[in-house]
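See structure below.
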Amino acid sequence: MRILGIETSCDDTGVTLVEADGEFGSDFSFSILGNALSSQTDLGLQYGGVFPAMAKREHAKNLVPALEATLKGLSQETGGKRQGEMPEEELRKILEREPELLPQLVTFLEQHEKPDIDALAVTAGPGLEPCLWVGINFARALSAAWDIPIVAVNHMEGHIVMSMMEHSNILENVGMSGKMYAIEFPALALLISGGHTELVLMREFGKYEIIGRTRDDAAGEAFDKVARMLGLPYPGGPHISRLADEARSYRPTRSIELPRPMMSEDNFDFSFSGLKTAVLRLVENKTVSDDTKKQIAREFEDAVTDVLVGKTLRAVEEYGANAVILGGGVSANRHIRLCLAEALAEAGAKLLVCPPEFSTDNAVMIALAGYFHALKNEFADPETLTANGSLKLG
Ligand code: KG4
Ligand code: ZN
């Protein structure tokens with residue numbers, strides 16, 4: 001089955017074409033036939049974060065070029081004369097709220113034959129609603145033009161499914177292929193991203209029970225806010241991580257102490273806003289030296305890691321989990337990966353995680369998660385498909 005994945009939930013525009021085969025488990029395999037990802041990091045840098053209205057316009061600008069790049073070489077060009085009927089009136093209606101998209105898409109459809117695609121998979125939530133809508137309306141338009149069904153995908157399930165994949169061959173993303181790690185349930189998913197921090201119990205594939213979540217800031221949000229306090233660019237995670245590694249390389253012991261919020265509380269919830277405030281106390285109204293910034297970055301990363309690892313281990317014990325699936329943008333963090341891997345090895349549970357370049361948002365994860373729904377004929381009705389900014393797992 002060939003699935004076209006579309007991701008626009010936050011500030012990354014992703015379009016991908018994945019070919020997948022087999023049922024969930026050891027006979028599953030996939031390859032990425034085309035993949036385009038454009039990140040709005042420059043805009044974020046300029047404004048220090050993501051603004052929904054601005055991000056929405058960027059998605060609208062980026063989607064057709066991303067589709068073109070993804071299908072390059074796969075979809076035959078018609079030289080401007082498209083075969084068959086194009087429902088232009090219908091497209092106009094579907095893209096009523098995305099006026100920037102319509103002319104680009106009409107031109108694209110006129111110049112390209114219908115590609116060999118079986119289904120569309122699009123993120124329906126959670127995320128920024130104006131952004132989600134662009135992707136959804138784009139999928140609805142393609143579905144009408146090409147007469148193929150749509151799967152509505154939960155973005156967090158996308159992160160989970162991505163981390164269950166064992167990648168065998170990475171060639172600049174395109175031409176990449178892989179299969180699935182052997183996994184024994186019950187498993188836990190630790191999802192850490194810019195908008196979410198959740199511990200999810202999976203007794204079987206596709207069944208999710210959220211057993212813990214953040215009570216305030218998400219882990220990625222805390223990384224981004226602390227980075228900003230230290231004068232580092234957006235998104236802050238990778239910059240904090242780089243400074244923390246530098247600090248570890250030249251000073252073996254820590255010189256700053258930050259709290260480990262909720263670490264020893266008997267539950268699976270998290271809280272990161274106190275940690276962020278503790279950092280603020282250290283830097284406000286002061287000139288902070290480069291060395292101090294590095295020490296703060298290191299202690300902050302250690303504190304977040306200790307809490308994430310501590311709570312996850314406790315959940316592994318409580319639920320007898322055999323595996324932990326680590327997903328979401330913050331899971332690109334090397335220190336968190338290493339510490340969790342070490343702790344889980346000791347506890348006798350397996351760590352499943354994807355290559356760091358697929359930890360942050362992308363459309364491959366949406367196509368892969370969509371495939372398993374398509375296998376079960378779980379398609380959305382394009383007429384009633386809606387964006388849900390706070391869509392929950394389970
Ligand atoms: O999953 P994601 O791409 O978008 C959301 O769905 O939110 O996650 C983005 C988050 C940002 O907060 C970013 O700072 C963080 O992931 N991030 C990192 C690292 N790379 C990205 N945080 C810590 N260390 C990293 N290496
Ligand atoms: Zn994400």
Side-chain angles (χ1 to χ4, degrees), residues 5-14 37-41 44-45 48-50 52 55 59 122-129 131-132 135 153-163 189-198 200 213-214 217-230 232-246 248 270 272-273 275-276 297-298 300-305 307-309 325-340 353-366 368-369 389-391 393:
I6 300 163
E7 157 65 34
T8 62
S9 70
C10 189
D11 57 349
D12 297 297
T13 316
L37 185 67
S38 53
S39 173
Q40 301 176 21
T41 313
L45 275 179
V50 186
H59 288 307
V122 64
T123 308
L128 304 167
E129 280 190 8
C131 297
L132 291 164
V153 176
N154 181 311
H155 179 89
M156 302 315 286
E157 184 175 55
H159 279 302
I160 293 178
V161 171
M162 190 81 234
S163 285
L190 174 62
L191 301 177
I192 43 180
S193 71
H196 290 80
T197 301
E198 283 167 359
V200 184
R213 57 161 59 90
T214 182
D217 292 355
E221 193 179 353
F223 267 95
D224 295 337
K225 287 177 176 168
V226 165
R228 208 171 170 185
M229 291 175 203
L230 300 180
L232 299 166
Y234 175 87
H239 298 282
I240 297 267
S241 177
R242 179 175 44 80
L243 292 196
D245 278 345
E246 282 179 34
R248 286 184 198 102
F270 303 91
F272 295 106
S273 91
L275 190 50
K276 174 191 74 186
R298 176 232 191 117
F300 171 77
E301 192 178 69
D302 281 348
V304 173
T305 305
V307 177
L308 291 173
V309 172
I325 302 161
L326 178 64
V330 183
S331 74
N333 186 284
R334 210 176 61 94
H335 189 68
I336 295 173
R337 285 175 177 235
L338 287 176
C339 294
L340 189 59
V353 67
C354 64
E357 57 270 40
F358 288 99
S359 295
T360 44
D361 293 348
N362 61 78
V364 178
M365 66 189 216
I366 304 305
L368 289 171
S390 51
L391 186 65
L393 271 177

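As the structure lists them, so they are numbered: ligands from 1, and atoms in each ligand from 1.
For His155, every heavy-atom contact with ligand 1 shorter than 4.0 Å involves the side chain, none the backbone.
With a cut-off of 2.8 Å, the Zn ion (ligand 2) has no N, O or S atom of Cys10 in range. The nearest N, O or S atom of His155 is closer to the Zn ion (ligand 2) than 2.8 Å.
Taking the six-membered ring for Trp, Phe300 and Phe223 have ring centres closer than 6.0 Å.
Here the rule is side-chain contact (heavy atoms from CB on, under 4.5 Å) with Met162, and of Val353, Ile366, Leu368 only Leu368 fits it.
Those atoms of ligand 1 with a heavy atom of Gly194 less than 4.0 angstrom away are 5 (C), 7 (O), 8 (O), 9 (C), 10 (C), 12 (O). Less than 4.0 angstrom separates some heavy atom of His159 from each of these atoms of ligand 1: 1 (O). Counting atoms of ligand 1 from 1 in the listed order, those under 4.0 Å from a heavy atom of Gly195 are 7 (O). For ligand 1 and Gly220, the ligand atoms under 4.0 Å from any heavy atom of the residue are 12 (O). Remark: ligand 1 atoms within the under-4.0 Å shell around heavy atoms of Asn333 are 23 (C), 24 (N), 25 (C), 26 (N).
Among the atoms of Gly329, some N or O lies under 3.5 angstrom from an N or O of ligand 1. Here's the thing with Gly237: one of its N/O atoms is less than 3.5 angstrom from an N/O atom of ligand 1.
For Arg242, the CZ atom sits in a packed shell: over 12 heavy atoms of surrounding residues, nucleotides or ligands are nearer than 6.0 Å.
Under a 3.5 Å cut-off, the side chain of His59 and the backbone N or O of Cys10 do form a donor-acceptor pair. Counting only distance, with no hydrogens or angles, the side chain of Asp224 and the backbone of Gly236 share a donor-acceptor pair below 3.5 Å.
Within the 4.5 Å cutoff, the side chain of Ile240 has heavy atoms near those of the Leu230 side chain.
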Does the side chain to side chain contact (heavy atoms under 4.5 Å, CB included) test come out yes or no for Ser331 and Ile336, once each step is laid out? CA-CA 7 Å; Ser331 74; Ile336 295 173; over 6 Å; no
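Here the protein heavy atom with the shortest distance to atom 2 (P) of ligand 1 is Asp361 OD1, 3.2 Å. Nearest non-hydrogen protein atom to atom 15 (C) of ligand 1 is Val330 CG2, 3.9 Å.
Looking only at N/O/S atoms, Asp361 comes nearest to the Zn ion (ligand 2) through OD1.
The heavy atom nearest to atom 14 (O) of ligand 1, considering only Asp224, Asn362, Thr360, is found in Asp224.
Of the charged side-chain nitrogens involved, at least one lies within less than 4.0 Å of a carboxylate oxygen, so that Arg248 and Asp302 count as a salt-bridged pair. Looking at Arg334 and Asp245, a side-chain N of the basic residue comes within less than 4.0 Å of a carboxylate O on the acidic one, giving a salt bridge.
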